[in-house]
Amino acid sequence: MRKKLGKERKLRAIKKIGRKEKRIVSDELHKIAKNIVDEAEKHNAVIAIGNLNGVRKNNKDRKVNRKVNSMPFYHLKEYIKYKASERGIAVIEGPEYNTSRQCSCCGSMNTERPYQGVFICKDCGYKINADVNGAKIY
C-alpha cells in the first residue's frame, strides 16, 4: 500500500498509515506488558528480562531480518518496567549469554540438550524444560 501511495506521491496518506500502525503496535505492547505483569503478580514472581542488545545484528535472510528489526523490544521492556513498578514487582535485567547451557540448579556448564525443549545437567542430574532453566538463571 505504501509503495502504491509513494508512486502516487501521496505522502500525507503514508504518514497517516504510519501513525495508525504506531498506535496499534503501542496498544498491543501495552496489552502484552499488562499480561506479563498480571502473571508475575498472580505467582508472586520477579520479572527477568534479557539484555537484547545485538539481536538485530544476526545476519539471517531478508524476511527474518525484517521481522526482527521491526520488533520494538525496548518499548516492550519499558512498558513492563513501568507497569511492574506501579505494582511493586521487581524487574531484573541480565545477559542472556549461556543461559541455555548453564544449569540453574548447580551452575555447571556440563549439560546437554538432547532436543530443543529438554535441559539435562550431567553433574547434578537436574532435568527441566530448557526455557524454564534459562529463566531461573536470574
Side-chain angles (χ1 to χ4, degrees):
M1 182 182 243
R2 286 176 195 223
K3 189 175 180 181
K4 180 183 169 196
L5 290 170
K7 286 179 182 177
E8 296 173 7
R9 303 219 188 269
K10 299 197 175 179
L11 301 179
R12 275 194 190 147
I14 293 172
K15 285 182 181 179
K16 187 176 177 182
I17 291 168
R19 288 190 297 264
K20 183 176 180 178
E21 285 176 348
K22 191 173 181 179
R23 286 192 308 272
I24 291 169
V25 168
S26 182
D27 182 56
E28 284 300 314
L29 290 177
H30 274 288
K31 289 176 184 176
I32 292 167
K34 182 181 182 302
N35 288 338
I36 290 170
V37 172
D38 286 346
E39 198 68 25
E41 188 175 45
K42 187 168 79 174
H43 295 290
N44 197 21
V46 173
I47 299 172
I49 300 175
N51 184 359
L52 296 174
N53 290 345
V55 76
R56 291 184 167 96
K57 292 179 183 170
N58 292 337
N59 290 325
K60 305 284 185 200
D61 63 6
R62 283 175 76 183
K63 189 174 183 180
V64 172
N65 279 342
R66 189 178 310 121
K67 287 183 179 183
V68 170
N69 287 333
S70 67
M71 290 181 191
F73 298 117
Y74 179 77
H75 292 292
L76 178 60
K77 182 170 67 170
E78 291 302 308
Y79 289 159
I80 290 170
K81 281 182 178 179
Y82 100 77
K83 287 178 185 292
S85 68
E86 284 179 346
R87 297 191 195 179
I89 298 170
V91 177
I92 301 170
E93 277 189 78
E96 295 203 13
Y97 185 71
N98 280 336
T99 55
S100 61
R101 295 190 344 221
Q102 185 178 2
C103 178
S104 63
C105 191
C106 68
S108 170
M109 296 293 276
N110 186 18
T111 61
E112 72 175 32
R113 303 249 326 251
Y115 53 93
Q116 183 70 30
V118 174
F119 177 89
I120 300 170
C121 180
K122 292 180 181 177
D123 289 343
C124 68
Y126 190 57
K127 184 177 179 182
I128 192 169
N129 178 284
D131 292 332
V132 173
N133 178 69
K136 283 186 171 184
I137 297 245
Y138 293 111

Self-check item: Approximate separation, where rounding is to 0.5 Å, of E78 CD and L29 CG
Solution: 12.0 Å
Self-check item: Evaluation steps, side-chain contact (heavy atoms from CB on, under 4.5 Å), between Y126 and S104
Solution: CA-CA 9 Å; Y126 190 57; S104 63; 3.6 Å; yes
Quiz prompt | From CD1 (I120) to SG (C103), nearest 0.5 Å | solution = 11.0 Å
Quiz item: How are the rings of Y82 and Y79 set to each other: parallel, tilted or perpendicular (split at 30° and 60°)?
Solution: perpendicular
Quiz item: For V91, which of K81, K83, K77 qualifies under side-chain contact (heavy atoms from CB on, under 4.5 Å)?
Solution: K81
Quiz prompt | Donor-acceptor contact below 3.5 Å, side chain N133 vs main chain Q102 | solution = yes
Quiz item: Does the salt bridge (Lys or Arg N to Asp or Glu O under 4.0 Å) test come out yes or no for K31 and D27, once each step is laid out?
Solution: CA-CA 6 Å; K31 289 176 184 176; D27 182 56; 3.2 Å; yes
Quiz item: Rounded to the nearest 0.5 Å, how far does CD1 of I89 lie from NE2 of H43?
Solution: 11.5 Å
Self-check item: Atom NE2 of H30: over 12 foreign heavy atoms under 6.0 Å
Solution: yes
Practice problem: Following the transitive rule for hydrophobic clusters with a side-chain heavy-atom cut-off under 4.5 Å over Ile, Leu, Val, Met, Phe, Trp and Tyr, establish whether V25 and I32 coincide in one cluster. | Solution: yes
Quiz item: Taking side chain as C-beta onward, heavy atoms only, is C106 less than 4.5 Å from C121?
Solution: yes
Quiz item: Considering all heavy atoms of both residues, which atom of I47 and which atom of A84 are nearest to each other, and what is their separation?
Solution: CD1-CB, 4.2 Å
Quiz item: Partners of K34 by salt bridge (Lys or Arg N to Asp or Glu O under 4.0 Å), sequence neighbours excluded?
Solution: D38
Quiz item: Residues in salt bridge (Lys or Arg N to Asp or Glu O under 4.0 Å) with K20, at least two apart?
Solution: none
Quiz item: Applying side chain to side chain donor-acceptor pair (under 3.5 Å), which residue pairs with at least one partner in residues 109-121 are found, sequence neighbours left out?
Solution: N110-D123
